[in-house]
Amino acid sequence: MLSSCHFERALTVLQKRWTPLNCSSQSFWNLESESTPFGNVSYFSMKEVPISRLCLGCAANSTVEQAEIIEADDVASTKTSLPVPAPNFYDFHVVYHASYQAPALFIKGYHADGTLLTMGEMLLDFPQWGDLSKLAACEWAFIAPEVHPILQQNYWHMLHPCKTATFMTLLMSCVGPQVDACRDVKGTLNGGSNACDNVQDIDDVEECSVENFKKSSFEPQSGSPVLLPKDCSDHFLAIYLEGWLRVVAPVIGLRIPILFAEKFN
Amino acid sequence: MDSTSASHFPALKFAPLQSRFDVQFWSELAERKLDRYRLSEEPVPLHGTFSCSRYVEVGSQLCLDGGSFELDHHCSSNSTSSAQAGQHLVKGTGRLYNTWENFRDGSDKAELLKEAAARVWKDILSGETESTPELLSQFTVLCYADLKLFHFNYWFGLPALKPPSPFLTSPSQSLEEYFGTDASKKVAEACDAWLRQSPGHQLVEQPAQGGESTSVCEMAASQLSRTDVNTPHASPFAWMLSYCISQEDATLPQESCTGLPGIMARLACQPLAALNQLSASSDGSTVSDGSTVSNEQWMLAFSDHSSVSGHPGWVLRNLLLMIAVRYPLVKSMKVVCVRASKTGRVDPSRCLVLTVQLPAVPDGWCQGPGEVPEAVGWEPNAEGRLLPRKVDLSPVMSPTLLAEQAVGLNLRLMRWRAAPDLEISHIANCKCLILGAGTLGCSVSRCLLAWGVHKITLVDSSRVSYSNPVRQWLYELKDCTAGGKPKAAAAAEALLRIFPSVNVEGKNISIPMPGHAPANDAHEQSMHEAYDSLDQLVSEHDAVFLLTDTRESRWLPSLLSAVHGKITITAAVGFDSYVVMRHGTSPLDSARTEGLNSTHESGSGAPSSQAQLRRLGCYFCNDVVGPVNSTHNRTLDQQCTVARPGLAPITSALAVELLAALLQHPAGIAAPAQGSTPARTAASASADAAGLQGVTACLAPITSALAVELLAALLQHPAGIAAPAQGSTPARTAASASADAAGLQGATACEEEPALGAVPHMIRGQLNGFSQARWRP
């Protein structure tokens, strides 16, 4: 499990790594921060991602009580018509979820005019959501309305992070060298006086097998994820967050260019 | 281009700039209207942002969000995102009308647009738009916000001034076609740098040469910094692109060439004010006139929000008109419509190059006082008609709807893992009649709310008294004053406060009871009326809860619900014991019973035992005491319901969960009794009763009630906190571990819990008494 400090560090490290990769800030995860009563909180954001689909009637309705006005334009129809099936837009945020101590994906979908998409409309854009929540195998992939924890806006949807810590433990256990790197750092820890004291042995990470992972859905004790040590390396954190992004990206139809990984691994 | 061919050019058409109002815009507006503007209809300054088009499928939009109201520091914390590089600031005004009528016909829409146009026109004539190009796109928003329904009616207008005659254009080319691959890349990079410039960034890419250029640079720098004061992160949406055609005998030093192969050098982006420079240097000859060999070439560049091939965006209209009006010597203009690729970088293959023939503007055209060119630009609605748009934000702003969604979501979440087969709708659609709005009635109705039940009717004939609020969870002290409110009505009001979407009614009916003979004719008449309305109520509901304080008051409702074949659940508490049971189907309901025979085969198969299974008794069949007046000849403590306070929540929760279990059973009311057989078989039968692990939802009151009773028991124990654990017999260790200390056998509830998985007939339980004898070993 990640602490919020881990998460913030992971964001900055990834952002630094991606910047030189000639990717415009608008088209990829972008580091943003918001001041809250608890200080500045950072998150990744990707804005206005269009998902082209047939628009089944926009939410904005005309008000029939009023007579249409007529504008005499100078030249017959200077206005070219816009493409009719306007795509829907999505904002994605990667936010730290304090309860689950894991990253969480927040989703906001809207029409071109800014009106929000309903869950039904979003399901048309992402048919995989419906399938995922039915598949027992993907029991982590639930999407539900949720208040944005940083912006305090109630119209976001969240990919539920209830299983995130568990599958990340499993995922990171496959990243042998990185875990070693993490353990090396931990070896230098000499009993700090902070909350990380009750960290379980990092070896648990490696013991977490597929069987444990499966079992863990029934017995929360057995394969329960451990909190990462406070001093684990930047590299490890970057791999953690990037790995997480890779796991969740298909849910929203995104793909992280392979070059991001190749450059550093 | 000579004038003869120009006449064959088609008129240039523009793609409108669509508006996008973020939800946050409306919630900010609602807040400001309530707290700040109140009745004021004064225009409100607004701003929005747009960027160049990034997608082939859709043009980019003018976005207004929560930060749109903050003009002074719009780049403060929460809108750092909205003012990121590549975005352009556009200013405008909002008019918030107080009434729908005012919004609809309070003012002439054409007149309003003209007002907005007049502001643009004034800035064009004063030359202000050249230093601050965003003044060319001042928009106007009309709005009527219905803050009770959370409906927002609005109309967005971006005025375009009509030129004296249309702009004509040559067929468009892409930037790539126009300059060739390599050179166009350089141009795109230069544009990218312009779009992404940060405050204080050196604007002109290349050091200026010669006195004249230096002055341009200085001017550029000074004007940019001036713009920067207002718009720290947004670069102007329009700018000038200059380059030189290099010749063999070019006097320019090689180094100053930006590496372009041969044709282009000294490529630079300059602020729009460089137009000035253009008319001076070209000295009357049009820059783009091919016949004039001019070393320095100028192009107008702007961030194009349109994605339509061949058609530039709406914001170009006023820009072109401004040039036509302010620089009449410029007859035609090369325009680069800067568009980007998905990555956000300027894409030479998407950028358009147009040669626009500017119309001749007569001297003094529209320059008299009060004269303004005609303007168009109201945004059509979603159906393409010139009408306002309407946004319904009640789903995200109305507390009632938010609660409804959240409650529904919570219930649906049970199906994810805990009980995938749970049919929430069976429970939510069950119309429940609650007879008795006392301790049990209050608890039961709250539990029903938690299950999403939408229709609840409460019946009671008494008033709220001072001892009620602490035990009866729907009442408050203020309900007791002035003789006390009628309980049924007060409970209904409270339920509405808790969950406004519930359809709840409180009926003040005194249930006729055996043993309570009518005192006189009027009383008898009222008993008949009570009977009629009770009969009506039972027939209208699906489930009846018998929760009155006396045994005999349950008699008539038991009969009525048997007659109407309704699910009936009885719950009653003693001092430390309780019973929860359901009545079986009535003897009249044979058809239902017959149907049951085929679906549910009992183990023995003997007809007699089957019949016994089917025919579950009612409250009175299972009791040896006949219904008599139980309030007669009783002491005060016998008359009042004296019960351990934690008992009623336990009992009520079990009653509701029993209903929930029953409604999940395919046979409904005719479900055979389970749980009277050995406990474990009953639990395994829960598969049949559709995954009732979900019942844990309403077990929270039980758990918390047990916790309170545990404390009560502990405080009664002579040893207090040091009380030895009791009740931890091997069978129930896990359950009793919670009830560890002090004689509270958590097993009261736990004993029956497995049975809840099925649909038992009766659940009885008892909390251990506070007997001193128990505490001695």
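Naming convention: chains lettered A, B, ... in sequence-line order (proteins, then strands); numbering from 1 in each chain. Worth knowing before you read on, the calculation uses all heavy atoms, side chains too, and leaves out hydrogens, waters and symmetry mates.
- Counting only residues at least two apart or on different chains, the salt bridge (Lys or Arg N to Asp or Glu O under 4.0 Å) pairs with a member in residues 90-108 of chain A are A/Lys108-B/Asp22.
- Closest non-hydrogen pair, A/Tyr155 versus B/Val396, comes out as CB-CG1, 3.4 Å.
- Residue pairs that meet the salt bridge (Lys or Arg N to Asp or Glu O under 4.0 Å) test with at least one member in residues 92-105 of chain A, sequence neighbours left out, do not exist here.
- Contact of the B/Arg20 side chain with the A/Glu48 side chain is registered, since non-hydrogen atoms from C-beta on lie closer than 4.5 Å.
- For the pair A/Phe89 and B/Val58, the tightest heavy-atom approach, listed with the atom from each and the gap, is CZ-CG1, 3.7 Å.
- In this structure, chain A has a heavy atom under 4.5 Å from the side chain of B/Leu402, while its backbone stays farther away.
- Taken from CG in B/Asp392 to OG1 in A/Thr115, the straight-line distance is 10.5 Å, to the nearest 0.5 Å.
- Minimum heavy-atom separation, A/Gly114 to B/Val23: O-CG2, 4.2 Å.
- Note that OH of B/Tyr154 and CG of A/Asp113 are 4.5 Å apart. Values are rounded to the nearest 0.5 Å.
- With a 4.5 Å cut-off on non-hydrogen atoms, B/Gln24 touches chain A through its backbone and its side chain both.
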